[in-house]
Amino acid sequence: MSKSQKDFKLSEEGLAFVKKELTRYETKRSAILPCVYRVQKENGGWVSPEAVSYLSKIMDIPTAYINEVLSFYTMYNKSPVGKLHIQVCCNLSCAMNGGRELAEHLCESFNVKEGEVSANDEVTISRVECLGACDIAPMAQVNDKYIGPLKKETVVEEMKTLLEEK
Amino acid sequence: MEKKLLSEHYHKKEYHTLAGYKSFGGYKDLESAFSKRPEEIVQMVKDSGLRGRGGAGFPTGVKWGFLPDNSEPRYLLCNADEGEPGTFKDRLIMEKAPHQLIEGMLISAWGIQSHKSYIYIRGEYQNCIHVMEEAIKEAYSAGYLGKNICGSDFQHDMDIYIGAGAYICGEETGMISSLEGKKGQPKLKPPFPAVKGYLEKPTIVNNVETLAAVVPIIRDGVEAFRSIGTEKSPGTKFFSVSGCVKKPGNYEVPLGYPLMDLIELAGGLREGRKLKAVIPGGTSAPVLTAEECEKADMDFESLSDLGSMLGSGAVIVMDDSCSMVDMLSVIENFYHHESCGQCTPCREGTGWLSKVINNILKGQGRIQDLNLIQGISENMMGRTICALSDAAALPAISFVTKFREEFETHIRETLAQRKSGALSA
Amino acid sequence: MSKKIIKCEINNQEVEVPEGTSIIEAFKELDQSIAHYCWHPGLSVAGVCRLCMVDIEGIPKLQIACNTEVKEGMKISNQSEKVKEAVKWGLEFHLINHPLDCPICDQAGECELQEQYMNFGQYSPNMAERKVKKRKVVDLGSKIVLDTERCILCSRCVRFTDEVSKTHELGIFNRGDRSEIGIFKDKPLENEYAVNTVDICPVGALTSKDFRFRQRVWYLKTADSICTGCSTGCNIKIDYNEEGLFRVQPRYNKEVNGYWMCDKGREVYRLPNKEGRLLEAKAPSSYSFKREDSLRPSRAGGNPVSSVEVLKKIRELFVKKEKAPQSALVLTAQYTVEEYEDLVSFFIKHLGTQQDIYYWRNNPESFDDFDGVLLRGDKNPNTKGLLEVLTNQGAIHSWESLQNRLKQKEIEVLWVAGPENQKVYPDLKEKIDTFESYCDNIIWWTAHPLSDSQKIWQIPTKTFFEKEGTLINHTGRAQKVKAVHQLVSSALSLSESATVLKGEELKKQEPPFLVTPMKTNHFTYKKKVL
């Protein structure tokens, strides 16, 4: 079950976005995916059950429909994530090239368990399936960006630099 | 030798912009397409023998022909949810040549008389999304999208829909469900999307590479296209070569290109390593042994003769450092993770397979588990709405039959280690 | 426009069906057995359980019967080894993560997993791995409990809330073998039709809070009946035994209720049960009876005595007179047509005129409501029937004239056939008060006691479960209820009361045969492993 939070509301721009998406496609329901993204963006990277209720109200779409979508797709986070969400690919080509060891190494270095948030909300490290970038294996998606090929020797430094930029 | 039917100008810096694309003859073929009747376009694509580049290899023109006469509206849906492990060619096309895709889509839309299209891009491809959005904007302002395209009566609108992380959305009806704002669960067939697709309206779903390939067919003509590749697999294809090679990347070669040559093109194996196996068409394709690789040509027929398939063209090369038990466990964990969960054999079978294989990997396997893997796999195949179940079963069967010795040795050795206390249970 | 009829062969048996029929429907038409979980005739086709596999001549791959249309000349079989093997594995896939907690599962005995496994199972499980853990005893609202481990994700319940009740509370969350049926926290499964999901759940995932753990289903017998909850008249099955009634479920009737019924209607099983029933007749406290054997300890005032004795006394007091006292008859629409006919004709012959018969209409504000599915505002099973009898008899029914006559003290004796289901008569108390204040002699037929009414003669009536008769629903459709089992021995139908009041002897009734022969368990010993 996902974690909960007190209250959630979209910004003015967020509301305008939802309104636009509701009429952008041939069916209102198509707006669910982009609107859940929007909520995630405005809620610091994750979607709480409270946000689902809120979205259901402003979109006039049953909560069950929204929660089905939220729970089905992996890019929606059901619990909080760190400022840097490091998603290490561990599928075949990355696995052959050390992706899994890299994920483990990152967890140890940042002293955090897979999928959890490290101290000071800094990083979340998760293993993910093929990101379609096997040419730069082993690779990771760090927030929106693809980075690779990663090297065990330099990856932690690289991530710390990115964290500082945040 | 590479044959750059699509990627000739991909290395040019500004090719992804409208101006850059036009400076190399971009959108000329769209204009020439408008001088042809829509039926002629469909006939050309049929005659070209173009086969779907997404995985199934279904003849594109034939698929278009399934649209019911005079049906309205018709949707064109571009499958850019590239998710088959090992595949990264559509990302290349979208990033390097977004206008090529738009032009291919527009020619196709004119052919099938569709006035609305969506490009469904996997959500992880943030860069592609950005590039495509820009390109569509440019195309609208240049009059290539919207009303009266190129001065014709034809109207077409194009939009992007962003996925949210689900392999199954690459299956055409899963993609349609997702576009409808639902879980990406594939739909029962019949009816097929060409008859009842997006919102139950006739819909054609084609892969990025397929739609881009329509451009050279119109440009060079059917004969020229057919002169490349093999009789039944004409044209060129992007192969995403990755794994244990020196220069992983996308390589556009004529279909029928020898697999060993392709590996050489990708820099060959690393020093001192021996080829062990290759998955020639994404993880769903049955694995080829090193011996089989010697005989393999990269086209639909040759690979199917070898009991595998061309799939999405993702060539994953494994050398002698790879444990086949480990590799299969990665593959089966993936399908377990990605099964949408509606059909029982797939929902339960993918989980079961991954558990059995992980147990073997951890040293808790039994020899009879290899038969169990076979049994589970055989009974997952052909029993579900979509092909994910088959995609999980095929590698399992091919791995345990072709590398049975390695699996048995692993089971025996880990059992011995466990008995001697070297491996904790 | 009638559809073209096509011929096909199922397991070597020829069958004719209209074009567009699915193979599974053709199997049902022939009453041939075919394994299936997700298909339900009242819902859209999901095609996900993959059990209804059939072999079609000329098609190499097995097909699912639910999503394949029958074509002319098709030869279909589900008896081939290929199909049997596929179904065996199909069941194995269903069971590998199932908790197999049948001993504590309320669905045991009516579980499709059990039934299908008996028929098609492989009896030598292969699963040695750890099962997926999921949530148990999930509260879905006031009516239903969910066990997600038992759930086989057939999606029937989800399709029900999407397609029938259109309330969309349920969804399947997550994916793969982590998929779970569920509600979203702020929207419990509380719609008026929610319990249908329990009926259509093929396993013990959804169970009814009202019914669960009260009886093992193999200790229950089933009788057909008609729901008396409103004027729709849904066809129902009643599960009961010697202790009483335990639940009501819908019975398919294409014309009336399809496969469904509302949750309010399910409450009617309580009406005949002994708890809360008026067990014996009651005379006003001012009366006492000489005969020793009819004196029983009094509960809530009045002297409880046998119904027939009381009716005889009433006849003596108010019927068998030289000049009958001025009487009026009030009828509610909760009795059968036959009862109205008998009581009304008795009344006209012996007590009063057509002008003195009145129709008591409850909740007039919401009487004509309809929710668009099944539920109607007219909470009586036989309004049409009552009005038909009254019209035939030329009886008028202006409530105002009764009130006037009562106020003028023109009514000496008031006869009331009160509601069987008092809950749907919010004006009950008010009516009793009015009647009592303007009339000294009130005879009231009722299945349940009227509390605190010292002045009223109360005659216990038979409920819909205890008598035979006709109910006419809102469309004018006449439907029969049957006498299944008499739970209150002193209860009389209105017809029987009329007989006694006329001074005739009541035919001694044989109690209905209660114990149906036990079902033979044809599975026992059939398989060696059992």
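Chain letters run A, B, ... following the sequence lines, proteins first, then strands; residues in each count from 1.
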Quick check on [X] against chain B: is it the side chain, the backbone, both or neither that has a heavy atom closer than 4.5 Å?
X: A:Gln141; value: side chain
X: A:Ala137; value: neither
X: A:Cys90; value: backbone
X: A:Asp144; value: both
X: A:Tyr25; value: both

May I ask you to test the [X]-[Y] pair for a side-chain heavy-atom distance under 4.5 Å?
X: B:Ile162; Y: B:Ile160; answer: yes
X: B:Ser7; Y: B:Lys96; answer: no
X: A:Tyr76; Y: A:Trp46; answer: no
X: B:Leu265; Y: B:Val241; answer: no
X: B:Tyr161; Y: B:Met175; answer: no

Segment of [X] engaging chain A (4.5 angstrom heavy-atom cut-off):
X: B:Asp90; answer: neither
X: B:Cys169; answer: side chain
X: B:Lys116; answer: side chain
X: B:Cys244; answer: both
X: B:Tyr167; answer: neither

